[in-house]
Amino acid sequence: MPQLARRIGRAKPSAIMQVAEKAKRLKAEGRDIISFSIGVPNFLPGEHVYAAARDALSKDSGQYGSNRGSDALLDAFIEHMAKIGLTGYGRVNVATGIGAKHVIYNLAEALLDEGDTIAFPTPYWTSYLDIAEIVNAQIDLLPCPASQDYKLTPAQLDAALAKKPRVFLFNNPSNPTGMVYSKEEIDALADVVAKYPDTWIITDDIYNRMVFDGLGYHNFVHARPELRERVIFIDSLSKTYGMPGWRVGFMAGPESVAQAIVTMNSNHITNIPEIVSAAAVAALSGPQDVPIAKCAEFQAKRDQVMDVMNAIPGVVCPRPQGAFYVFPDISVAFGKTHGPTGAKIGNDVDFCNVLLEAKGVACVPGSAFGEPRALRISYTCPTPQLAPGLQRFQEFFAELQ
């Protein structure tokens with residue numbers, strides 16, 4: 001029998017989706033399950049988005065679209081970027097994809113030859129590692145533990161870039177930690193990046209509209225405009241607009257990189273569907289009341305979650321200022337036994353499995369993100385479920401012996 005390609009042996013199913021599927025299965029069996037697992041925003045876009053889709057459907061051309069994206073969509077995204085201070089981009093600098101993950105995969109194919117190095121901080125979004133392994137890149141992980149608020153230091157970045165990786169991948173605000181880099185922190189990192197002209201910089205910043213406490217969003221290009229020549233900005237409709245299933249992602253950067261993504265699109269997706277494109281234009285250009293309101297709601301939920309994390313002895317949880325995650329270090333539980341079930345907690349995977357079985361609360365083990373001392377809580381569940389879920393989480397800790 002013919003063999004599969006070697007790269008399939010390097011591909012892994014999403015650890016996040018595995019937890020979500022298990023929680024869904026238990027719920028279907030009649031269990032009372034509260035899910036803090038999958039990172040979906042759990043709200044829908046404004047009515048104007050659906051109106052635009054209906055209107056486009058009534059006028060559907062039935063034709064192929066642009067490999068880059070429609071002019072209306074590109075222009076809407078360029079204006080969207082301008083509102084966060086990323087100006088000076090034209091259509092030639094922008095390309096679209098079927099979600100940000102697809103764009104990042106395409107960038108990996110376009111920028112990394114086999115054996116090239118990609119560097120990124122730990123904790124990381126799970127797909128970073130998976131994509132890098134599929135394209136057979138060398139991976140340089142830069143550990144950023146809870147003791148340094150899960151943030152990369154200039155000294156760490158300097159040491160990593162001195163090794164001349166082909167790509168440095170940066171995520172702000174962060175999934176899984178929810179941490180946000182201040183202007184001063186971005187300025188300091190940008191000064192380091194400027195010293196190493198041979199490395200591409202990808203800023204995967206799809207949560208840039210979900211920043212709390214008035215901190216604001218900051219990018220290396222804000223700090224060092226000359227970095228525009230090799231910084232590639234990633235964005236998406238999924239989180240900001242409650243549209244993860246619509247699958248619209250964007251990149252903006254040097255013309256040569258955008259053209260490479262267009263060429264990749266021409267070879268596999270051809271184009272974003274016409275109806276989806278119309279909805280995306282409406283989301284980007286229309287009323288912003290829904291995302292603004294949801295950002296405020298998530299900030300309040302963050303406070304609610306942090307009150308509980310801070311009340312559990314031994315749990316260390318840096319205070320996130322964006323996205324919709326907290327990432328507590330729960331290693332204080334390792335080596336203990338859950339009294340009511342007698343189950344032993346040896347690591348983060350044990351913790352999450354026993355928590356789900358005993359309390360019906362689904363979380364993602366930190367090892368999925370490269371930090372096995374922690375776990376990720378996504379607090380986008382329906383508001384009435386948040387307090388009971390947190391209470392169960394706190395009770396679980398109290399039952400450990």
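Here, residue 1 is the first one in the sequence, and each next residue gets the next number.
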List the steps, then state whether side-chain contact (heavy atoms from CB on, under 4.5 Å) holds for L227 with I201. CA-CA 9 Å; L227 293 176; I201 312 300; 6.0 Å; no

Taking D130 for its side chain and A132 for its backbone only, find out whether a donor-acceptor pair lies under 3.5 Å. no

Go through the steps for Y207 and Y325 under the test ring pair (Phe, Tyr, Trp, His ring centres under 6.0 Å), then give the verdict. CA-CA 11 Å; Y207 296 91; Y325 309 107; 5.8 Å; yes

Aromatic ring proximity, centroids under 6.0 angstrom, F369 and Y150: no

Anything under 3.5 Å between a donor and an acceptor, one on a side chain of residues 280-297, the other on a protein residue two or more places apart or in another chain? List them.
| from | atom 1 | to | atom 2 | distance (Å) |
| --- | --- | --- | --- | --- |
| S285 | OG | V281 | O | 3.2 |
| Q288 | OE1 | Y241 | OH | 2.7 |
| Q288 | NE2 | A283 | O | 3.0 |
| Q288 | NE2 | L284 | O | 3.4 |
| Q288 | NE2 | G286 | O | 2.7 |
| K294 | NZ | E297 | OE1 | 3.1 |

Has the side chain of D149 got a donor or acceptor atom that lies under 3.5 Å from a matching backbone atom of K151? no

Determine which pairs satisfy salt bridge (Lys or Arg N to Asp or Glu O under 4.0 Å) with at least one residue from residues 211-222, sequence neighbours left out, and list them in order. D213-R302

Would you sort out whether I104 and S127 count as a side-chain contact (heavy atoms from CB on, under 4.5 Å), showing the intermediate values? CA-CA 9 Å; I104 293 170; S127 291; over 6 Å; no

Criterion side chain to side chain donor-acceptor pair (under 3.5 Å) against N265, the qualifying member of N106, N67, T270: N106

Is any side-chain heavy atom of Q394 closer than 4.5 Å to one of Q391? no

Atom CG of N172 and atom CZ of F220: how far apart are they, to the nearest 0.5 Å? 8.0 Å

Is any NZ, NE, NH1 or NH2 atom of the basic residue among R392 and E395 found under 4.0 Å from an Asp or Glu carboxylate oxygen of the other? no

Find out whether M309 and I377 are in side-chain contact, i.e. whether some heavy atom of one side chain is under 4.5 Å from a heavy atom of the other. yes

What distance do I202 atom CD1 and L169 atom CG have between them, rounded to the nearest 0.5 Å? 5.5 Å

Got a salt bridge between K344 and D350, using NZ or NE/NH1/NH2 to carboxylate O under 4.0 Å? no

Residues D348 and R373 bridged, charged N to O under 4.0 Å: no

Pairs meeting criterion ring pair (Phe, Tyr, Trp, His ring centres under 6.0 Å) with involvement of residues 173-200, two or more places apart: F170-Y181

Geometric cation-pi criterion, R230 with F168: 6.0 Å, 45°: no

Say whether, by atom type as modelled, one donor and one acceptor occur between the side chain of S378 and the main chain of I38 under 3.5 angstrom. yes

Of all pairs that satisfy ring pair (Phe, Tyr, Trp, His ring centres under 6.0 Å), the ones with a partner from residues 256-295, not counting sequence neighbours: H102-H268

Donor-acceptor pair, R166 side chain versus L111 backbone, under 3.5 Å? yes

For the NZ atom on K359, are there more than 12 heavy atoms of other groups (residues, nucleotides or ligands in this structure) within a distance under 6.0 Å? yes

Going by heavy atoms in the side chains, are F327 and M179 under 4.5 Å from each other? no

Can you list every pair that meets salt bridge (Lys or Arg N to Asp or Glu O under 4.0 Å) and has a residue in residues 318-329, with sequence neighbours left out? D303-R319

Answer yes if the side chains of S61 and E274 hold a donor-acceptor pair under 3.5 Å, and no otherwise. yes

Could you tell me whether K183 and D187 make a salt bridge, using a distance below 4.0 angstrom between a side-chain N and a carboxylate O? yes

Under 4.5 Å between any side-chain heavy atoms of M81 and D235, yes or no? no

Determine, step by step, whether L74 and T96 satisfy the side-chain contact (heavy atoms from CB on, under 4.5 Å) criterion, reporting the C-alpha distance in whole Å, the side-chain angles of both residues, the deciding distance to 0.1 Å, and the verdict. CA-CA 8 Å; L74 300 177; T96 59; 4.2 Å; yes

Distance-only donor-acceptor check, side chains D140 and T117, under 3.5 Å: no

Could you tell me whether F396 and F351 have their ring centroids closer than 6.0 angstrom? yes

Cut-off 3.5 Å, no hydrogens considered: what does the side-chain donor-acceptor table look like for residues 244-262, sequence neighbours left out?
| from | atom 1 | to | atom 2 | distance (Å) |
| --- | --- | --- | --- | --- |
| R247 | NH1 | P244 | O | 2.9 |
| Q259 | OE1 | R68 | NH2 | 3.1 |

C317 and M306, any side-chain heavy atoms less than 4.5 Å apart: yes

Before you tell me yes or no, could you show the steps for Y128 and Y124 under ring pair (Phe, Tyr, Trp, His ring centres under 6.0 Å), namely the whole-Å CA-CA distance, both residues' side-chain angles and the distance that decides it to 0.1 Å? CA-CA 7 Å; Y128 294 166; Y124 49 75; 7.3 Å; no

